[in-house]
Visitor: 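Structure in C-alpha cells, see below.
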Amino acid sequence: MTDQLGLASGFRSRRHGLASPLVGEIVEALVELGGEADRQQVADRIARRRGEPRASPALLCELRLALSLHCQYAVGADLEPALAQAGDTWALAPDALAFFSRHMRRQTDA
C-alpha cells in the first residue's frame, strides 16, 4: 500500500515523497478539507495557499490535468489509486487520507 500512496503526489516531494508538484498540492488541500471536496474548493484552497483569493480557470485546468494523469498512471501501473474523482468531487482513499494526515501532522509538530 505504501507504494500506492507514494504515487499520490514533487512540489514538496522531498517533504512528502510525492510524484507531481500539483498532485502534492491537491493531496495537501484534500487532507485539510477532510479527504473529500468539490474540485473548485480544492483549487481555491490551493490558490489561497499561493496568496491568491480564488483559483483562476487556468489553475483549475492544470489541477484537473494533473489529477487525471495521476489516475491514468495508477490504473496503467495496475495500482489502486490513492486519489479519485467522481464528477466534480475529488477524494483521497481512506488509507491515503490516514497516511497523509499522520505525515502532515508530524511535519507541523517538528
Side-chain angles (χ1 to χ4, degrees):
M1 185 61 151
T2 303
D3 290 339
Q4 295 169 9
L5 296 175
L7 292 173
S9 317
F11 75 74
R12 304 180 203 335
S13 61
R14 293 185 184 109
R15 198 169 107 199
H16 290 293
L18 307 173
S20 163
L22 294 172
V23 174
E25 289 184 277
I26 292 168
V27 167
E28 282 191 339
L30 283 169
V31 169
E32 292 171 359
L33 294 165
E36 182 177 319
D38 179 82
R39 67 181 177 209
Q40 186 65 52
Q41 288 178 290
V42 175
D44 288 341
R45 174 65 60 111
I46 291 168
R48 283 191 296 279
R49 294 179 106 210
R50 293 177 174 189
E52 300 296 325
R54 189 158 170 80
S56 68
L59 175 61
L60 182 57
C61 184
E62 287 180 65
L63 294 170
R64 290 175 68 187
L65 178 60
L67 182 58
S68 176
L69 291 172
H70 167 77
C71 291
Q72 287 174 20
Y73 174 80
V75 168
D78 201 26
L79 298 171
E80 181 182 324
L83 288 162
Q85 48 188 337
D88 291 343
T89 301
W90 292 351
L92 285 168
D95 289 342
L97 176 60
F99 175 85
F100 287 114
S101 294
R102 281 191 311 270
H103 188 71
M104 288 174 65
R105 254 190 316 248
R106 276 189 251 140
Q107 292 294 324
T108 57
D109 292 343

Visitor: Can you list the steps and then say if E52 with L59 is a side chain to side chain contact (heavy atoms under 4.5 Å, CB included)?
Guide: CA-CA 11 Å; E52 300 296 325; L59 175 61; over 6 Å; no
Visitor: Tell me, do L63 and W90 make a side-chain contact under 4.5 Å, heavy atoms counted?
Guide: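 They are in side-chain contact.
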Visitor: Testing the basics here: between I46 and A29, what is the closest heavy-atom pair and its distance to 0.1 Å?
Guide: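 Taking I46 first and A29 second, the nearest heavy atoms are CG1-CB, 3.9 Å.
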Visitor: Would a 4.5 Å heavy-atom cut-off, applied to side chains only, mark L92 and L83 as touching?
Guide: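 When only atoms from C-beta onward are counted, L83 and L92 do touch, with a gap below 4.5 Å.
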Visitor: Which atom pair, heavy atoms only, marks the closest approach of S68 to Q85?
Guide: CA-NE2, 3.7 Å
Visitor: Could you tell me if the side chain of L30 sits less than 4.5 Å from the side chain of L97, heavy atoms only?
Guide: no
Visitor: Work out which heavy atom in R48 is nearest to a heavy atom in P53; give both atom names and the distance.
Guide: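 Closest approach of R48 to P53: CG-O, 3.9 Å.
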Visitor: Answer yes or no: is there a side-chain heavy-atom contact under 4.5 Å between Q41 and E36?
Guide: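 Result no, sub-4.5 Å side-chain heavy-atom pair not found.
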Visitor: So which atom in L22 and which in E62 form the shortest heavy-atom distance, rounded to 0.1 Å?
Guide: CD1-O, 3.8 Å
Visitor: Is the shortest heavy-atom distance from the side chain of R49 to the side chain of E25 under 4.5 Å?
Guide: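 Counting from C-beta outward, R49 and E25 never come under 4.5 Å.
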Visitor: For residues 83-94, which residue pairs pass the salt bridge (charged side-chain N to carboxylate O under 4.0 Å, His left out) check, not counting sequence neighbours?
Guide: R39-D88
